[in-house]
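Note on naming: letters A, B, ... go to the chains in the order of the sequence lines (proteins, then strands), and numbering restarts at 1 for each one.
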Amino acid sequence: MEGTDMKYIYYPGCSASGTGRGYEESTLPVFEELGIEMVTLEDWNCCGATAYMSVDEAKAFALSARNLALAEDQFPDMDEVHIVAPCAACYLGLLKAKKYIDTDPKIGGTIRKALQSAELDYTGRAKVRHPLDVLVNDYGLDKLKEKVKRPLTGLKVAAYYGCQIVRPYSDFDEGHDPQTMDQVLEVLGVEAIEWPHKTRCCGGAQTWSSDPFLELVWIILKDAIGSGGDAVATACPMCQFNLECFQNKIRAKFDYQKKIPVVYFTQLMGLALGIDANKLGMNRLFERLELPASV
Amino acid sequence: MSDNGSVKNNWEPRIVAFFCNWCTYTGADLAGISRMQYRPNTRVIRLMCSGRLDPQFIMKAFREGADGVLVGGCHPGDCHYQEGNYKALRRITLLKKMLAQMGIEEGRLRLEWISASEGDLVQKAMNSMAETIRELGPLNLAEIPTPHSHDKEPVAAGVEGGA
Amino acid sequence: MYEKEIGMTTPELKPNGEKSRIGVYICHCGTNIAKTVDVEALREFAEKLPDVVAARTYKFVCSDPGQKMIRDDIQDPDLKVNRVVFVGCTPRLHEMTFRKVISEAGLNEYYLQVANIREHVSWVTPDKEEGTEKAKALLAGAVRRVHEHEALEQRRVPVNPDVLIVGGGIAGITAALTIADAGKKVYLVEREPSIGGYMAKFDKTFPTLDCSACILTPKMSSVKSHPNITLWAYSEVAEVDGYVGNFKIKIRRKPRYVDEDTCAGCYDCVEACVFKKPKFPDEFEVGMGLRKPIYIPFPQATPLKAVIDPNTCLQLTTGKCKQSCAEVCSKNSINFDQVEEIKEIEVGTVILATGFKAFDPVRSPEYGYGKYDNVYTSVEVERLCNAAGPTGGNVVLRDGTTPKSIAIVHCVGSRDKKTNAWCSRACCMYSLKLAHLVKERTDGEVFNFYIDMRTPGKSYEEFYDKILDEGVHFIRGRAAEVRNWALDEAEEGKLVVRAEDSMMGVVRRIPVDMVILSVGLEPHEDANEVARMFNMSCGTEGWFTERHPKLAPVHTFTDGVFIAGACQGPKDIPDSVSQAGAAASEVLALIDKGYIELEPNTAFIDEDKCSGCHTCIALCPYTAISFNEEKGKAEINEALCKGCGTCVAACPAGAAQQHHFTDDQIYEEIEGVLEYV
Amino acid sequence: MSKPKVGFYWCASCGGCEESVVDLAEDILGVVDAVDFVFFPVAMDFKRSDVEAMADGEMAVCMINGAIRTSEQLEMVELLRKKSQLIIAYGACSSLGGIPGLANLYSKESLLKAAYGDELSTTNPDYTLPQTEIKVKEGMLDLPELHDDVKSLDMVVDVDYYIPGCAPPVRLLKNALTAILEGNLPPKGAVLAPDIAVCDECSLNKTKPEKMLVSEYKRPHQDHIDPEKCLLAQGFLCLGPVTRQGCDAACPSVGMPCTGCQGPLGSVVDFGAKALSGIASILDSNDADEIAKLFDEIPDPAGTFYRYSYPKSQLFRRTNFKEETK
């Protein structure tokens with residue numbers, strides 16, 4: 001078969017069927033088009049993300065650990081089971097749980113005990129991967145280049161990574177000046193613009209509660225636009241949501257007139273691979289992405 | 001040789017330890033200085049380096065009545081002589097395999113990396129080694145036959161236990 | 001023919017024929033031993049052992065009366081004790097003491113064996129009966145072993161009084177002058193075209209703010225002129241052979257393409273170069289200035305000789321140049337055919353003073369170094385501040401304008417798990433110095449972003465106070481990032497430093513014209529190779545490992561090789577200098593003694609038994625074993641051998657043996673500890 | 001004057017030792033001129049009764065090959081010990097236990113089961129085992145009893161000298177005979193071969209690299225052997241460095257690794273352990289797992305390092321142990 005000869009487990013996470021629907025709707029067809037085999041994790045549960053983590057760490061770890069254990073269960077005879085978690089929060093949650101269980105005997109003990117009570121076992125075979133990691137390090141940019149049917153030439157995009165997929169536990173990219181998304185975009189024919197706010201905070205869950213956090217979003221948008229971006233590409237449902245949905249509020253608050261579409265990098269991949277925009281959930285965008293005539 | 005054949009309740013394992021001068025022997029001194037109590041079954045012989053350990057010493061110890069042999073060297077990478085402990089590791093890895101064929105249980109030969117600052121590990125090793133050997137029981141090597149021992153009774157009789 | 005053709009197993013003769021008469025001396029060590037070991041029972045047990053002619057106990061055998069007791073037995077005409085077993089504390093405590101005792105009584109000091117019944121018995125065994133039994137076993141082992149002991153002598157090897165010093169920074173220079181002034185010959189090897197190291201780049205030094213050049217350059221020139229110092233700049237150590245007292249070292253001298261002996265350092269060639277203007281980044285100016293392909297690193301360079309960069313010189317790259325430099329040189333010193341030269345020297349001791357490398361902030365992209373023109377490293381700014389530097393001491397931006405506001409970011413590449421975990425020790429102080437210098441030269445606002453202010457050192461804290469009074473701003477908190485992006489008009493066209501002000505508990509954005517990154521100190525990339533060459537080691541961070549962090553800070557685990565300055569760990573100038581002094585005096589002490597004593601427990605080869613199978617040779621970590629081709633036997637250089645015995649254990653023929661740890665001695669001990677108890 | 005009387009006897013052995021006498025070729029005539037063979041079952045028709053008829057010490061020397069495993073062998077060697085002034089353990093089996101000695105790795109029961117039990121090649125439905133007596137029409141006959149373990153000759157009778165090898169090199173036999181005839185013998189207990197290892201006389205030894213390190217061990221069938229290079233250096237497990245010479249490195253010099261038949265050197269107390277030490281030490285790895293993995297290529301260490309000397313190992317043998325089932 002084409003693609004990587006590896007087999008991956010797909011962990012959707014809650015946002016995939018909620019605010020982050022467009023992310024899943026673009027990720028799955030893109031991976032299929034590339035021939036990367038991915039089966040959904042059976043009976044998966046909440047990753048125990050940020051909020052829970054701050055309430056009760058042990059329980060949050062246990063939630064994540066169950067997913068890891070299930071994954072190992074699903075591929076009993078693989079030395080390494082690779083879980084692909086597109087959602088940045090899920091990716092971080094699972095990765096953090098794995099790190100602590102693997103390295104901290106006390107936490108590890110507690111969690112394993114908890115798993116046993118559900119007749120589950122986590123041996124460490126499960127690895128947590130982000131789509132960008134898989135694309136660049138497993139699949140390879142050269143192979144991806146061959147697959148591009150419709151180069152997005154002329155499109156200028158600000159690659160926005162957010163904080164969770166590059167800090168603090170992941171190691172597939174640089175924590176302050178990440179490059180993988182830029183590399184993927186360049187392969188698609190996109191011009192990935194040079195801008196300083198690739199990993200700046202998007203306000204996270206706080207944007208709901210208080211205005212000051214709008215400033216954080218505004219900084220990112222202002223810089224993306226100021227640096228000449230036609231669009232922002234994200235790898236996180238939360239970031240995508242924050243950057244997209246508050247643009248009206250921001251224009252009002254900082255009397256700032258510009259708009260910018262905020263898409264998932266996987267949606268841009270889909271377009272370049274020749275998949276129809278509507279099959280990539282792009283119809284859900286508040287701010288439609290206008291492709292330059294050159295495309 | 002003194003009697004190590006009969007397993008009475010009061011039978012005490014006899015263990016010979018070969019410790020390197022710079023790490024494990026010093027660690028054993030530290031255990032002493034820190035008054036860490038442990039079982040008295042082990043008799044320590046000092047070598048400058050675990051790399052000096054000739055497998056013949058181990059065979060000799062077993063022959064002379066040791067029920068177990070404990071070897072102590074510096075942690076990998078910390079050898080005072082740079083690489084002696086790796087040589088010990090190579091020899092003992094292969095020796096264990098050979099002893100198994102000869103019917104010597106794996107637990108009777110143990111290699112431990114213990115640094116000069118790890119008196120507690122010396123204490124642990126001494127106790128757990130004594131425990132392991134106690135469970136395994138006496139080694140019971142057959143006497144090496146000599147024309148004279150053979151005059152007394154056919155060596156065969158005393159020796160063969162069989163499977 | 002018979003003996004020759006049929007060599008055979010003859011029963012082993014005891015060393016030096018004589019019959020053993022063993023004395024056993026059991027120590028109560030107050031109650032330390034007597035409390036949990038029945039010393040009297042031990043004595044009775046000892047008496048019955050073969051060849052034991054005297055067995056005594058005493059409260060403190062190590063005391064004068066105790067020592068006398070032993071001496072008397074040795075000299076007693078009836079007892080004639082000729083082997084001694086001390087039964088008491090660990091040999092690591094008193095083996096030396098009792099060796100001395102018996103040699104005073106006329107016995108070879110190696111006729112002693114120690115049975116350790118304190119650390120290994122009485123202190124770890126609560127039950128007196130068990131303790132006594134175990135003590136008996138150890139005692140018997142010692143008695144059986146001492147039986148096999150042979151008379152040995154400590155070996156002495158002379159120390160070659162010549163010294164090699166690697167690294168011509170302030171540490172190397174100081175050590176070289178100290179030793180040379182003591183009348184010893186010194187080879188000083190420096191990798192760069194000139195000595196001086198980092199100190200030569202600085203304008204002022206903290207905390208006294210005295211001119212760096214003024215205190216350094218006189219030392220540099222006295223190195224040049226010193227009759228006892230051979231200075232080889234632009235050179236590297238290529239190969240190290242030998243051992244303490246007698247190293248054989250090869251030095252690689254890179255070609256300058258200028259004859260060092262005749263070049264007068266007159267600059268004529270530099271003027272005449274076909275490149276009319278300096279065009280290439282100047283190494284000494286850390287890229288802040290430009291130089292020509294032929295250049296003299298800096299006006300006070302030592303040696304003051306031109307050097308040609310083979311990568312930029314037209315003649316050397318293309319072979320097509322009118323060689324105006326050669327034409328103009330009145331001394332005909334230019335020599336394009338010069339090739340690398342290997343010098344072989346013999347020295348007795350070595351001092352490594354290879355210094356440090358400044359952290360490359362590209363590895364911390366959050367600070368935008370290399371991305372934004374006006375982000376500088378502290379070393380670059382040292383050059384800007386230097387009157388002899390590219391800007392004549394004016395602190396100006398790349399566009400020539402004077403910055404009105406300057407940020408100094410501390411701990412770049414220090415105290416950061418992402419890069420280097422350690423504190424680089426000198427940065428706080430040099431940042432304060434730079435704060436002073438740039439403020440003085442620009443009259444701008446200066447902001448220091450620091451995690452903690454570390455000023456341990458004579459009049460360092462006072463210096464900090466002085467800078468505070470000068471109106472420099474201090475913001476406590478690691479700078480998060482440096483960006484060129486403006487949130488409002490005030491920030492337009494500026495660099496913005498974002499940091500949490502942990503005093504005020506707010507995140508602050510400080511727009512500035514210039515950012516100075518106070519880069520940390522790092523080991524050189526090739527520190528590990530150098531360590532391997534000298535058979536010593538580096539810590540995980542890459543600094544050279546000292547023999548003891550407190551008690552032997554300039555020693556290494558290789559006898560005769562010492563370390564000084566920042567190659568051992570981050571240091572400022574005063575510390576480097578004092579360490580250089582310490583290393584120098586260690587070297588002089590060794591030279592003054594004149595010889596090295598080596599424990600005789602070395603390995604040796606019984607030639608009659610050696611079949612030349614080579615098994616031992618690769619196993620020696622000290623390359624002490626070599627193969628004698630004409631004899632077809634292995635040979636051990638006892639001066640190189642450290643006595644680990646690895647080769648002995650491996651020798652398939654039992655031809656390799658180790659003095660004081662022979663197979664027979666150990667077999668006897670094995671039998672001893674098992675046979676009687 | 002009468003010629004010295006010489007005896008030659010075999011116990012648990014293959015007959016190769018006798019062959020080695022024939023290897024004397026025409027020199028054998030010289031020997032026959034010099035001595036009288038008074039007992040030599042494989043070659044001449046003498047009976048036990050002839051030996052019993054001899055006066056004690058009537059034979060000058062008796063060379064005995066083969067290990068001791070049966071009651072008959074024991075009786076015979078005790079008899080020969082009485083009748084001969086010198087007893088020479090001839091060959092690996094009688095000196096060290098030899099190949100038969102490896103039987104000590106197993107209990108008699110399991111060996112009999114293997115030989116007479118339900119192995120594929122065996123048809124023995126009612127599992128008949130060797131008997132100690134059998135009824136014939138003339139009456140009852142004694143049969144030799146199989147001892148529980150294999151012993152070297154010197155474990156049952158005093159041995160004056162040893163001639164090593166499987167089979168002993170003719171050169172050693174000649175030297176020994178000359179020595180006996182010239183009455184020029186070394187002290188009792190000597191091994192009549194040079195006390196230095198095979199490498200010393202091996203033509204390949206000069207091809208050794210200065211530093212002998214082996215990245216992996218191979219068995220001869222696993223790779224092409226370069227007969228011009230030191231076999232050990234090529235990674236073939238050659239025991240030349242541990243083994244007493246006298247064989248002119250017969251095996252290595254034709255590209256076959258030395259298996260140690262000439263036995264240990266004088267200063268070695270346990271051949272297997274010493275051989276193992278040399279071989280293990282030069283394995284070029286410091287990683288515990290890798291080392292274990294590389295040693296998997298030595299599947300039978302006991303059979304490799306004690307091939308000819310197991311009964312002479314320091315352990316002799318373990319009693320009451322659970323042997324690995326074959």
Contacting region of D:Pro209 [heavy-atom separation from chain C under 4.5 Å]: backbone
Ignoring hydrogens and angles, tell me if any N or O in the side chain of [X] forms a donor-acceptor pair with the backbone of [Y] under 3.5 Å.
X: D:Asp200; Y: C:Gly612; value: no
X: D:Ser277; Y: C:Ala649; value: yes
X: D:Lys274; Y: C:Cys651; value: yes
X: D:Ser267; Y: C:Ala653; value: yes

Gap between atom NZ of D:Lys211 and atom OG1 of C:Thr615 - 0.5 Å precision: 13.5 Å
Gap between atom CD of D:Glu201 and atom OG of C:Ser611 - 0.5 Å precision: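 One gets 10.0 Å once the value is rounded to the nearest 0.5 Å.
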Top contributor to chain C interface from [options] [non-hydrogen pairs under 4.5 Å]:
options: D:Glu210, D:Lys206, D:Met212, D:Gln245; result: D:Glu210
options: D:Leu232, D:Leu213, D:Val242, D:Val198; result: D:Val242
options: D:Val269, D:Leu239, D:Val268; result: D:Val269

Measuring heavy-atom distances to chain D, does C:Asp606 have an atom under 4.5 Å in its side chain, in its backbone, in both, or in neither?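 Neither the backbone nor the side chain of C:Asp606 comes within 4.5 Å of chain D.
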Cut-off 4.5 Å, heavy atoms of chain D, and the answer for C:Cys610 is backbone
Flag yes if more than 12 heavy atoms outside D:Lys218 fall under 6.0 Å of its NZ atom; otherwise flag no.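 Buried by this count: over 12 neighbours within 6.0 Å.
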Heavy-atom neighbours of C:Glu153 CD exceed 12 at 6.0 Å: no
Measuring only between side-chain heavy atoms, which start at C-beta, is C:Lys609 closer than 4.5 Å to D:Ile196?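 No. Closest side-chain heavy atoms not under 4.5 Å.
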Side chain proximity check, D:Cys199 to C:His614, heavy atoms < 4.5 angstrom: no
In terms of heavy-atom pairs under 4.5 Å, which option from C:Gly632, C:Cys613, C:Ser626 contacts chain D the most?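 Looking at each of C:Gly632, C:Cys613, C:Ser626 in turn, C:Cys613 comes out on top.
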